[in-house]
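Scroll down for the structure; my scribbles are underneath it.
What you see is a predicted model, and the numbers here were worked out from it, not measured in a lab. Sequence lines set the chain letters: A, B, ... in the order given, protein chains first and strands last, and positions in each chain run from 1.
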Number of protein chains: 2
Amino acid sequence: MSKKLKFGIIGCGNQGSAYASFIEDGLVPSMELVAICDIDSKQTDKLSQKYPAKEVFSDYKALIDSGLVEAIVTTVPHYLHPEIAMYAISKGVHVLNEKPAGVYTKQVKELNAFAAKHPDVTYAIMFNQRNNPLYQRIKQIVDNGEIGAIRRTNWIITTWYRPDAYYGQSEWRATWGAEGGGVLVNQAPHQLDLIQWIAGVPKAVYAKAAYGYKRDIAVEDEVTAVLDYGNGATGVFITATHDILGTDRLEIFGDKGKIIVEDSKKVTVKRLYKSEQEINAGIKASGTRFEFPDGKQPNEIAEEEVFTTDSVWGAQHSGVLENFARHILHGEPLLAPGADGIHGVRLANAIHLSSWLGKEVSLEDFDDDLYLSMLNEKIEEEGKYAPKP
Amino acid sequence: MSKKLKFGIIGCGNQGSAYASFIEDGLVPSMELVAICDIDSKQTDKLSQKYPAKEVFSDYKALIDSGLVEAIVTTVPHYLHPEIAMYAISKGVHVLNEKPAGVYTKQVKELNAFAAKHPDVTYAIMFNQRNNPLYQRIKQIVDNGEIGAIRRTNWIITTWYRPDAYYGQSEWRATWGAEGGGVLVNQAPHQLDLIQWIAGVPKAVYAKAAYGYKRDIAVEDEVTAVLDYGNGATGVFITATHDILGTDRLEIFGDKGKIIVEDSKKVTVKRLYKSEQEINAGIKASGTRFEFPDGKQPNEIAEEEVFTTDSVWGAQHSGVLENFARHILHGEPLLAPGADGIHGVRLANAIHLSSWLGKEVSLEDFDDDLYLSMLNEKIEEEGKYAPKP
């Protein structure tokens with residue numbers, strides 16, 4: 001039997017428990033679960049009943065210091081991700097950070113800088129959607145230049161339906177002090193990562209966010225963001241938790257074609273026979289009647305490919321766990337390096353900040369301190385949690 | 001035979017000639033074409049050869065003053081619409097104004113105020129898409145409250161493909177001085193009207209417009225606009241002339257359902273069994289598992305209706321002509337009152353202004369003078385035409 005990575009789960013809520021079962025069910029062959037940790041003993045008790053042979057901790061530092069594990073995952077509330085990740089890295093324990101990397105850019109930058117100083121310790125992030133075959137294929141098509149340079153992206157992702165009863169389940173949910181935001185921080189980080197992973201990091205964003213628009217929460221339940229890629233290309237990103245008939249439609253339009261993804265399942269790729277610039281240059285016009293170059297008829301300028309993929313529940317997450325373990329054990333390239341976590345956090349922060357200021361906000365020169373001070377104002381108004389450092 | 005409206009066409013280019021043929025071909029039974037006018041005798045000669053028995057004018061005032069016609073249409077360059085319309089109204093001649101009503105709000109407001117002082121003279125506008133059975137049905141569904149109060153609109157309408165060869169056909173095309181804009185003024189006015197006709201007039205707009213982005217023109221060939229309806233509802237409107245694989249997808253999402261229109265042809269209407277507010281209030285949640293009220297399963301909360309309509313070429317325009325004539329002759333309600341033309345012009349102006357200023361612009365307190373002065377700056381930079389009064 002080949003070597004397995006000794007792994008600890010810090011945070012035994014829904015997500016931590018799911019990862020435990022993936023490992024125990026054999027979906028992560030390069031990993032061995034040896035320790036679990038939660039400040040709430042009810043959570044560790046529940047998990048221990050199911051998987052008795054694990055060491056149990058209530059203090060994450062004790063788990064990390066125990067020498068039992070080579071690596072951990074941080075399935076704890078968002079604000080704590082950087083703190084725990086940095087502690088583990090400082091002890092030479094590899095970290096798979098849960099998404100989002102943190103809540104505000106200042107702390108995530110600190111984490112990234114700290115991790116960069118410890119290149120011998122692996123720092124990865126649970127962007128499980130990067131392990132979705134559909135988005136992997138789309139990234140490949142874009143990276144290969146099959147649709148040319150991107151001119152526009154458009155994602156309506158309003159399938160994150162959450163009723164008031166969902167928010168009412170926990171005191172900390174959808175609060176500024178404990179979650180640091182709403183749909184951008186809890187539901188949409190996957191898409192905030194994917195759109196940047198596939199189409200690149202925007203230079204600036206303008207956003208309208210609606211706070212407690214259709215839900216009894218202080219944080220955002222709807223967002224409309226306009227992305228500026230700095231080279232003429234633009235994008236629109238729309239998400240919400242109150243659309244019970246939610247839409248999931250991604251369109252990426254480039255010089256040489258277009259990709260349309262419906263319901264994160266059906267993909268239509270249209271490839272032009274040559275770039276739009278070349279076609280444009282060769283068209284002859286009479287009024288609004290256009291004669292295409294190379295004797296092409298309108299229906300001959302593009303070829304259409306349609307494919308669908310289904311992603312099995314658990315396969316994405318367990319794939320990221322396995323990739324993380326194989327990276328540490330065998331040097332396999334990391335699917336989601338931890339440093340990439342900054343992009344989603346910065347875009348989410350910038351969307352908040354733009355909506356608060358009512359103007360476009362730079363991502364290149366993002367004002368981390370201004371964001372944190374305004375976030376702390378919201379936390380103080382809310383009056384439930386302490387401001388952040 | 002019933003009485004017919006004696007009609008004159010001012011401007012015998014593509015559009016004016018098309019209207020002449022609709023009337024002569026019997027598609028507008030309540031109208032009789034008696035006179036045509038163009039400053040270019042080549043245009044009137046061409047039309048006279050086809051339809052010899054018409055009086056021919058080179059001066060629009062002479063046609064209006066002739067006493068031959070009861071009504072006219074203004075199929076002339078956009079900037080001239082208000083001037084000709086006001087002259088006709090002042091002489092008691094009914095006006096069907098071509099879209100857009102004018103180029104800048106200041107002149108269109110003057111026209112509207114002038115027309116309002118002459119309620120005995122009919123002033124209408126050629127919003128032929130309002131005569132498209134598909135959009136009429138959608139307006140009816142919205143007006144009936146079948147999808148409830150609107151929460152969000154989203155129109156990607158990038159099927160207005162125009163190559164450089166199109167723009168190269170005429171000196172005046174896509175100039176600030178002669179057209180006053182690009183896709184917003186020439187191609188998309190229909191959708192700028194429809195979205196407001198169906199979903200209401202926004203209170204403010206933020207826009208990114210790209211000027212000469214993928215075409216060798218001074219005006220905009222791409223627009224991304226975020227609409228704010230002032231009551232929490234928002235919208236996105238995207239149009240462009242450089243997308244050869246253009247998208248036409250309209251989504252209207254409301255408290256009680258959703259309408260999705262694809263290619264201005266296929267309509268999907270989803271109607272919730274009760275409002276989202278009521279469903280939300282009745283949901284029980286366990287984590288992200290939701291139990292719907294009234295014992296409903298997830299697939300039972302909405303009914304879906306799909307329909308398609310085809311609109312025959314010419315039927316829309318001839319229908320507007322006929323409605324205009326029947327309004328004057330028999331008092332039939334006007335499909336498109338001329339005063340409605342201000343909405344599309346103001347939204348187009350506000351999109352320009354927002355993109356120039358880099359900030360959201362109010363439509364309620366739209367600064368007509370600021371817009372005109374900035375438009376005149378563009379005209380002066382261009383150096384081809386005189387600034388506007």
So with a 6.0 Å cut-off around CG of Asp216(A), is the heavy-atom count from everything else above 12?
-> no

Chain A contact via [X] - which portion, at a heavy-atom distance below 4.5 Å:
| X | result |
| --- | --- |
| Tyr166(B) | both |
| Tyr167(B) | neither |
| Ala240(B) | side chain |
| Ala210(B) | neither |
| Ala233(B) | both |

dist Phe253(B):CZ -> Thr158(A):OG1 (nearest 0.5 Å) comes out at 7.0 Å

Ordered numerically, the heavy-atom neighbours of chain A under 4.5 Å found in residues 270-278 of chain B are Lys270(B), Leu272(B), Glu276(B), Gln277(B)

Tyr211(A) versus chain B, the contacting section by heavy-atom distance below 4.5 Å | neither

Write out all pairs satisfying salt bridge (charged side-chain N to carboxylate O under 4.0 Å, His left out) with one or both partners inside residues 222-239 of chain A, taking only residues at least two apart or from two chains.
-> Glu222(A)-Arg152(B), Asp228(A)-Lys208(B)

Can you tell me if Asp164(A) uses its side chain to pair, donor with acceptor, with the backbone of Ala281(B) under 3.5 Å?
-> no

Output the option from Thr234(B), Ile238(B), Asp243(B) having the highest count of non-hydrogen pairs under 4.5 Å with chain A.
-> Asp243(B)

